[in-house]
Q: 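Structure below; questions to follow.
Counting convention: from 1, in listed order, for ligands and their atoms alike. Nothing here was measured: the structure is a model prediction, and the numbers come from that model.
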Amino acid sequence: MGEKGVTLEELKKRMAEFASDRDWDQFHSPRNLLLALGGKVRKVGELSEIFQWRGEVARGLPGWKEEERQHLGEELSDVLLYLVRLSDVCGVYLGEAALRKLQLNALKYPVHLSKGSSKKHTQNNVNAPAVADSNGDC
Ligand SMILES: Nc1ccn([C@H]2C[C@H](O)[C@@H](COP(=O)(O)OP(=O)(O)OP(=O)(O)O)O2)c(=O)n1
């Protein structure tokens, strides 16, 4: 089953409405949202409890109970929703930023150097000119 065309724009609008309907804009400051996002990312980390004891988990999570799949979806959604909201209140165009980051990733990990290899780009080719992102990471 596909995603039925859910867009970042729609999620952004829905989160803005959700906050505004509850007069929660006052709480949705960049700092609060960043802390909330961090908390939800940690919760995703705690999902190890449903991944453990199963050995390697195959793509599509075959054999998982519907409630486990739903639980995973809810935790991942919290991260996505806070991420979208945080980007919005910070004036970051998340979709555009992500597309730009994909381009940077492609420069850092050119197919001819990275195909079939899980090496960090810094280990790929010491003679290649460094491609820095705005973090200074190259
Ligand atoms: N000030 C808030 C509080 C909540 N939410 C929204 C965004 C998240 O998607 C979800 C988070 O709500 P909870 O922190 O209550 O988290 P859970 O729904 O996971 O509940 P619990 O932590 O009890 O499992 O609600 C929000 O936008 N702003």
Side-chain angles (χ1 to χ4, degrees):
M1 216 173 18
E3 281 277 17
K4 299 195 194 120
V6 181
T7 62
L8 287 178
E9 203 53 41
E10 181 182 350
L11 296 178
K12 179 169 114 178
K13 238 178 85 193
R14 298 282 293 271
M15 277 300 277
E17 279 165 13
F18 178 85
S20 158
D21 289 348
R22 288 160 184 77
D23 195 17
W24 279 7
D25 277 322
Q26 57 183 318
F27 307 124
H28 279 193
S29 63
R31 180 179 173 278
N32 282 349
L33 289 166
L34 182 66
L35 292 174
L37 172 63
K40 295 305 178 187
V41 168
R42 271 194 300 283
K43 258 183 111 180
V44 168
E46 288 161 15
L47 287 175
S48 51
E49 78 197 32
I50 52 175
F51 277 79
Q52 71 190 354
W53 312 128
R54 293 169 189 260
E56 192 47 84
V57 176
R59 286 176 180 217
L61 314 180
W64 279 44
K65 291 190 209 124
E66 194 43 44
E67 71 203 50
E68 291 172 326
R69 206 179 286 273
Q70 210 169 328
H71 180 197
L72 177 61
E74 284 172 12
E75 300 301 350
L76 295 177
S77 298
D78 279 335
V79 170
L80 176 63
L81 292 172
Y82 275 134
L83 185 62
V84 164
R85 182 71 173 144
L86 174 63
S87 306
D88 186 20
V89 303
C90 290
V92 167
Y93 293 112
L94 187 60
E96 285 176 24
L99 286 176
R100 181 175 174 275
K101 189 60 174 66
L102 277 169
Q103 284 178 342
L104 289 170
N105 295 346
L107 290 173
K108 282 184 187 173
Y109 293 97
V111 173
H112 71 283
L113 292 179
S114 308
K115 200 162 193 161
S117 157
S118 60
K119 273 193 211 152
K120 174 96 179 154
H121 62 91
T122 43
Q123 296 175 295
N124 262 340
N125 183 352
V126 285
N127 297 319
V131 178
D133 54 30
S134 53
N135 216 6
D137 291 348
C138 12

Q: Taking any residue with a non-hydrogen atom under 4.0 angstrom from an atom of ligand 1, which ones do you get?
A: Met15, Phe18, Trp24, His28, Lys40, Lys43, Asp78, Leu81, Tyr82

Q: Within 45 degrees of the axis of the six-membered ring of Phe18 and under 6.0 Å from its centre: does Arg14 put its NZ or CZ there?
A: no

Q: His71 and Glu67: side-chain donor and acceptor closer than 3.5 Å?
A: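 Distance-only check fails for His71 and Glu67.
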
Q: Mind listing the closest non-hydrogen atom pair of Leu113 and Asn124 along with its distance?
A: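 Closest pair (atom of Leu113, atom of Asn124, distance): O-OD1, 3.6 Å.
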
Q: Measure across Leu94 and Leu8 and return the closest heavy-atom pair with its distance rounded to 0.1 Å.
A: C-CD1, 4.4 Å

Q: Check whether any side-chain N or O of Arg69 sits under 3.5 Å from a backbone N or O of Leu61 as a donor-acceptor pair, and report yes or no.
A: yes

Q: Just to verify, which of Asn32, Leu37, Leu35, Val41 counts as forming a side chain to side chain contact (heavy atoms under 4.5 Å, CB included) with Tyr82?
A: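 In the set Asn32, Leu37, Leu35, Val41, the residue that makes a side chain to side chain contact (heavy atoms under 4.5 Å, CB included) with Tyr82 is Leu37.
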
